[in-house]
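Report on the structure given below.
So you know, we letter chains A, B, ... as the sequences are listed, proteins then strands, and number each from 1.
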Amino acid sequence: GQNIDQPTEMTATEGAIVQINCTYQTSGFNGLFWYQQHAGEAPTFLSYNVLDGLEEKGRFSSFLSRSKGYSYLLLKELQMKDSASYLCAAPPYGQNFVFGPGTRLSVLP
Amino acid sequence: DAGVTQSPTHLIKTRGQHVTLRCSPISGHKSVSWYQQVLGQGPQFIFQYYEKEERGRGNFPDRFSARQFPNYSSELNVNALLLGDSALYLCASSLDPGAYEQYFGPGTRLTVT
């Protein structure tokens with residue numbers, strides 16, 4: 001089975017750094033994905049980690065620890081447009097995407 | 001190049017009716033997946049199709065069915081609609097079932113009254 005947990009809501013200030021955590025339990029593993037979803041829109045791909053460590057992509061970075069079943073998404077220099085839901089997904093190997101409940105991030109001026 | 005397209009954008013149906021939602025994948029993508037997203041929750045996997053064959057099915061009742069056509073477009077059908085079927089239905093395409101990156105369409109907002 002698959003169980004993914006994320007905080008429901010987070011609030012941060014424009015220009016700050018925020019870390020969104022994701023923990024997962026799975027019988028298999030095929031990488032850890034992060035998606036961004038603005039209200040009323042489709043999810044868009046942010047990052048994919050299959051090996052332990054930090055993957056950096058501009059203002060966004062994603063970290064994975066397979067032994068701990070833990071990942072985080074780090075957003076730097078927050079902008080108002082970063083207000084969105086952030087979805088963590090950890091599909092078991094050979095199976096289909098299972099998304100976490102999502103973390104709704106509000107960026108305040 | 002066009003992204004994933006879905007139709008209709010919005011739909012209002014009555015309990016007991018049936019609905020057909022449509023999806024066209026990105027050109028060259030042969031795999032299509034369907035997800036249901038209830039407000040405030042993450043997407044829940046319904047089906048995956050590849051080369052017109054069902055490759056995966058989520059924990060949804062038999063009222064939900066789908067198919068994929070030779071041009072790789074897909075339809076999701078839901079019969080005997082319930083109020084709880086009200087959700088955003090998302091279609092995602094990928095090159096094949098093993099491709100890690102999925103591209104989502106804008107979704108169809110279904111409201112059941």
**Request:** Could you grab the distance from atom OG1 of Thr8(A) to atom CD of Gln41(B), nearest 0.5 Å is fine?
**Result:** 10.5 Å

**Asked** In the single-linkage hydrophobic clustering (I, L, V, M, F, W, Y; side-chain heavy atoms under 4.5 Å), do Leu73(A) and Val107(A) co-cluster?
**Response** yes

**Complete:** In terms of heavy-atom pairs under 4.5 Å with chain A, the winner among Gly40(B), Ser33(B), Gly42(B) is Gly42(B)

**Request:** Answer with yes or no whether the hydrophobic clustering places Ile20(A) together with Leu78(A); edges join I, L, V, M, F, W, Y residues whose side-chain heavy atoms lie under 4.5 Å apart.
**Result:** yes

**Item:** Residue part contacting chain A, namely of Gln102(B), when any heavy atom lies under 4.5 Å
**Value:** both

**Request:** State the CD-CG distance between Glu41(A) and Leu88(B), to the nearest 0.5 angstrom.
**Result:** 11.0 Å

**Message:** I'd like to know whether CG of Leu39(B) has more than 12 heavy-atom contacts from other residues, nucleotides or ligands below 6.0 angstrom.
**Reply:** no

**Message:** Determine whether Phe45(A) and Phe104(B) satisfy the following criterion, ring pair (Phe, Tyr, Trp, His ring centres under 6.0 Å), listing intermediate values before the conclusion.
**Reply:** CA-CA 9 Å; Phe45(A) 172 82; Phe104(B) 284 86; over 10 Å; no

**Request:** Tell me, out of Pro101(A), Gly102(A), Pro43(A), who's got the most heavy-atom pairs with chain B below 4.5 Å.
**Result:** Pro43(A)

**Request:** Answer with yes or no whether the hydrophobic clustering places Met10(A) together with Leu74(A); edges join I, L, V, M, F, W, Y residues whose side-chain heavy atoms lie under 4.5 Å apart.
**Result:** no

**Asked** Tell me, side chain or backbone of Tyr35(B) under 4.5 Å from chain A's heavy atoms, or both, or neither?
**Response** side chain

**Message:** If hydrophobic clusters are built from ILVMFWY residues whose side chains come within less than 4.5 Å, do Trp34(A) and Val18(A) share one?
**Reply:** yes

**Message:** Please classify the contact of Pro43(B) with chain A as side chain, backbone, both or neither, using a heavy-atom distance under 4.5 Å.
**Reply:** both

**Message:** Taking atom NE2 as the centre, does His18(B) end up with more than 12 heavy-atom neighbours from other residues, nucleotides or ligands that are less than 6.0 angstrom away?
**Reply:** no

**Request:** Give a yes or no on whether Val32(B) and Phe47(B) share a hydrophobic cluster (residues Ile, Leu, Val, Met, Phe, Trp, Tyr; joining criterion: side-chain heavy atoms under 4.5 Å apart).
**Result:** yes

**Item:** Least distance between heavy atoms, Ala42(A) atom then Pro106(B) atom
**Value:** CB-CA, 4.0 Å

**Asked** Where does Gln6(A) contact chain B at under 4.5 Å (heavy atoms): side chain, backbone, both or neither?
**Response** neither

